[in-house]
Structure formats: structure tokens, C-alpha cells
Amino acid sequence: MIPFAQINGANATVNSADSRSLCHHERKSNELNVEGMSIKELRALIARGGLSATACVERSDLISTAKRAKERLEEAANLRRRNGQTPVKLAVYDLSHGWARILSPIFLCRRIDLAPHTSIIIYGKEYFWGGSIQRMDHEDFVAQSGQKPVEIIHLGDTEIEEQLFNDFILDASGRYTQHTYDILSHNCNNFSQECAQFLLGVDIPCHILDAPEKLKSSCLGKIALFWSGLAPLVRTTVLLAGVWVLGAAGLISLAAMERGQGKSGGKGCPVAPGEESAVNFAVAVFALDVAYSTYLALCLAGAVRYRRPVLLLAGWVELVSPLLLAFFSYSSCVSLSTLHGAAWTLHTHGMCDYRNANYRKLSSGVAFAWLLLTVALATRIFTRVHVLVHELSLGPSTKKTDSPDTDPCFPFIEREEPVLSEPNGSDEAQRQNQFPGP
């Protein structure tokens, strides 16, 4: 975990395109360039100032009204400073970049507007949980992450001083580390909720806190949670078994076709192996998939049984082979589907329909081919057998993967080295220097 002292030396901030000039209470008022704002930003400033833009027809009218709104906001900010109050804001980001709203009705059978990440903006800085509790400037955060907030919500004004809030962060740091992070039950939104409760005694919007529950309560979410809870060895074994069973079923269906039907003017459906190139190709692809999944299963079995690699399985083999097999499988699916439709259309007088055994077996082969392609792609995307064999044989990799500098939501944000204050004998300095590490 990064000491909170880094918070005193780090810089990040997040900004919104619609409220670029509105959301930084730490900026001086003369930095708000009203004339340079877009129409959308002008209307946002006017609304934030409590004025109406309905009577504004020309851009000059909007600018004039926006200036009055700006003056009202400056007066309110000065009043808060005189009263010793500090505004508290919640920055809301969409980690899915808008895809949650599009894909959630398809995959979850319910709409989820965003995959939320939140942070607290106060005292001119933005506090968030990223690997450890961090404090950064908005502009730096935008520059590093390339992501702007979809919304910045004013939660209220607090009388709590910055030093007291820093003490709260120090006390909470043990609960918010890289090791305590859970994407569904203990994430950055829970940190923002605890900060809002401490500063104002209010909750952040419920649709943000309820987003994980919506995911977990959906049918696909329950399946995904169950699947992710399985051990890697179990998941890999199940997927390989699925590939093997579908490949073997397709191979048996096509190989069992009766040859010689439809010859010499006789009735029948001449689509058996040896009579149609598409069927010959599909039989070969089914056999390759069965052989490859058997080979991977034997590699796993040897590593489990003897705790060492029994069969050679290089990383490049598992990279190149799935690409070739995926291309062959897709080509097989297309060619079999084309043959299936052509046989129904071209062979009249009931020679190729579902009353014919060969045609029924061809239909089964088409179905198994498409199912095999789907399961095989999932297997080759979500499993790396050579990595699993290595871990089973030699133990988990010693490569450091759980760095405390890693932000679970924005792992590409750069971190500075912690800046620790020099010990001077005071209790406060000792407390800062004894802040828990990784």
C-alpha cells in the first residue's frame, strides 16, 4: 500500500466536458473564460448559477446570462469561505465508456447505465481509492487516464477542516488497500460512501451503490459469479471436456452417414464423407479439435499427477494452434451450412429432407460445428493451459503482480514515490511515518 504521505505529494483531477469550468472550486474565478465556452457549457453554467436560459436566443445573450451566473457562484463561494464551509463533490466516471448502457439489456436482461467509479473532490483535490487511498489533481488525472467524469454531484458543504479529514483518511487506510479490494463488494464507491458519511452524514446516490447488486441478481451475473468462483484447473478442465465432447459428437454424426445414396438414379441423399468435399473437410476439423483438446488434457493430467511437465507445451503452440483451428472451424461451419441448405433445395422428390437419415446426420453435424466453434473460442480466449501447467509443475509464478501502486480501476495511472516527512519527535510526524505499508 502507498503511504498516505504520498497523498500529500501526488496530483490528479477529473474534469467534465460539460462542466469543465464549473467543477473546480479551487480555481480562481477569473480563470472561468465565459467567452470561450461552448453553448452546452454556457447553459450548464447558467443552470448551476440558478438562472434560466430559456429567454436567451443569441450566443451573446447566453454569455451575458452566464456572466451573471458566474458572479452568483463567486458570491456563494466567498460566503462559504467566510463561514468556514468547504464544498464536497462526488466525481462519477463510467469505466465501460458507455458500453454498459448498450450491452447490459442484452447480456443482463436489465439496463445498467454505467460501470461507476467515484471519488471525492474537496479542499481543491480529488480523493479516491486506487491501490491505496490517493489524492491527485483533476487535470493530471484526466491527462493520465484519458477519461472524464460523466457527472460531478455537489453533495453539500462541510465544516470539517482538512487536517481532521486527513486524520480520517489515515485511520481508514487499513481498510482500503490493494488486498482488500473487491470489485463487487468493497470498491472505490464504498470509499466514497464512507467519506461522504464522515464529511456530511449523507449517502452517495443509490444507483451507484446498487450497481453491483443489479449485476449479481441478474441470471448471467449469477452464472458469471459461479464460474469465476471455480478454480482455474476446474474451469479449464470443463472447457476442454466441452470441446472434446462436441468434436467427438460431430465426428461421429458425419462418419456414420451411409455412402452410395442417390447413385445410379436411386433415391437418397448423397452427402456422406467421400462424396462431398465440405463433409470431408468438416470431419478433418472435428478430428483436429478432438486431438488438440486431448493433447491439452494430457498435458494438464501429467502436471497434476507428476507435478512436472510431461508433454511439451510451449506458449507459442497455444497461441498459433487456436488461431488456425478457429479459422478451420469457421470455414467448416460455413461450408456445412451451405451444403445443408443446397441439399434441401437441389435434391427434390424427398431425397434430402428430414425423413432421410443422412440429412438428419448432416443437420446434427452443422449444429455441433457451430457449438464447437463457440465453446472452442471461449476456451482459447479464457484459458492458458501452458501457464496452468507451469504453475502446477513449479508453483505459482514469483513475478510481482499485486503491486500496491496499481489502481484496480485505472491501472495505467503513474504514481510518484512516497514523500515521507522527516521525524521530528512529534506524535503527528511519528504517525505519518508509521503509516502501514504493503
Side-chain angles (χ1 to χ4, degrees), residues 178-186 216 219-255 282-330 332-333 367-404 406 408 411 438:
Q178 181 77 9
H179 303 287
T180 61
Y181 184 87
D182 185 277
I183 193 170
L184 293 178
S185 60
H186 195 240
K216 290 190 287 187
C219 294
L220 189 59
K222 293 177 180 178
I223 295 173
L225 288 174
F226 171 77
W227 182 256
S228 62
L230 297 176
L233 179 61
V234 176
R235 291 200 302 267
T236 303
T237 303
V238 170
L239 288 173
L240 288 178
V243 172
W244 193 94
V245 168
L246 290 173
L251 181 61
I252 293 172
S253 296
L254 297 183
V283 168
V285 171
F286 280 133
L288 283 174
D289 273 305
V290 170
Y292 183 66
S293 58
T294 301
Y295 172 70
L296 294 181
L298 289 175
C299 291
L300 274 181
V304 172
R305 175 67 177 83
Y306 299 104
R307 294 294 169 182
R308 62 183 178 84
V310 177
L311 299 175
L312 177 63
L313 180 62
W316 68 268
V317 173
E318 202 174 358
L319 176 65
V320 176
S321 299
L323 294 177
L324 293 175
L325 284 174
F327 174 74
F328 292 152
S329 296
Y330 179 74
S332 171
C333 290
F368 285 129
W370 284 106
L371 287 173
L372 175 62
L373 176 63
T374 303
V375 176
L377 282 176
T379 303
R380 288 148 196 168
I381 290 174
F382 296 112
T383 63
R384 293 292 181 269
V385 176
H386 72 279
V387 175
L388 192 54
V389 167
H390 175 79
E391 293 181 353
L392 289 171
S393 304
L394 305 176
S397 173
T398 58
K399 182 180 178 181
K400 185 178 180 180
T401 58
D402 195 17
S403 172
T406 302

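Each of Val375, Leu372, Thr294 was compared with Trp244 under the side chain to side chain contact (heavy atoms under 4.5 Å, CB included) criterion, and only Thr294 meets it.
Of all heavy-atom pairs between Ala326 and Leu373, the closest is O-CD1, 4.1 Å. For the pair Asp289 and Ser329, the tightest heavy-atom approach, listed with the atom from each and the gap, is OD2-OG, 3.3 Å. Between Gly247 and Val290, the closest heavy-atom pair is C-CG2, 3.4 Å. Tyr292 and Ser321 make their closest contact through CE1-CB, 3.7 Å (heavy atoms, listed as atom of the first residue, atom of the second, distance).
Within the 3.5 Å criterion, the main-chain N or O of Phe328 finds no donor-acceptor partner in the side chain of Ser332.
Separating the OG1 atom in Thr374 from the CG atom in Leu246 is a distance of 9.0 Å, to the nearest 0.5 Å. Interatomic distance, CG of Leu325 versus CG of Leu377, reported as 10.5 Å (0.5 Å rounding). Distance check, rounded to the nearest 0.5 Å: CZ of Phe286 to CD1 of Ile252 gives 11.0 Å.
In this structure, Leu184 places its CG atom where more than 12 heavy-atom neighbours from other residues, nucleotides or ligands lie under 6.0 Å away.
Using a 4.5 Å heavy-atom cutoff, the side chains of Leu300 and Leu240 are in contact.
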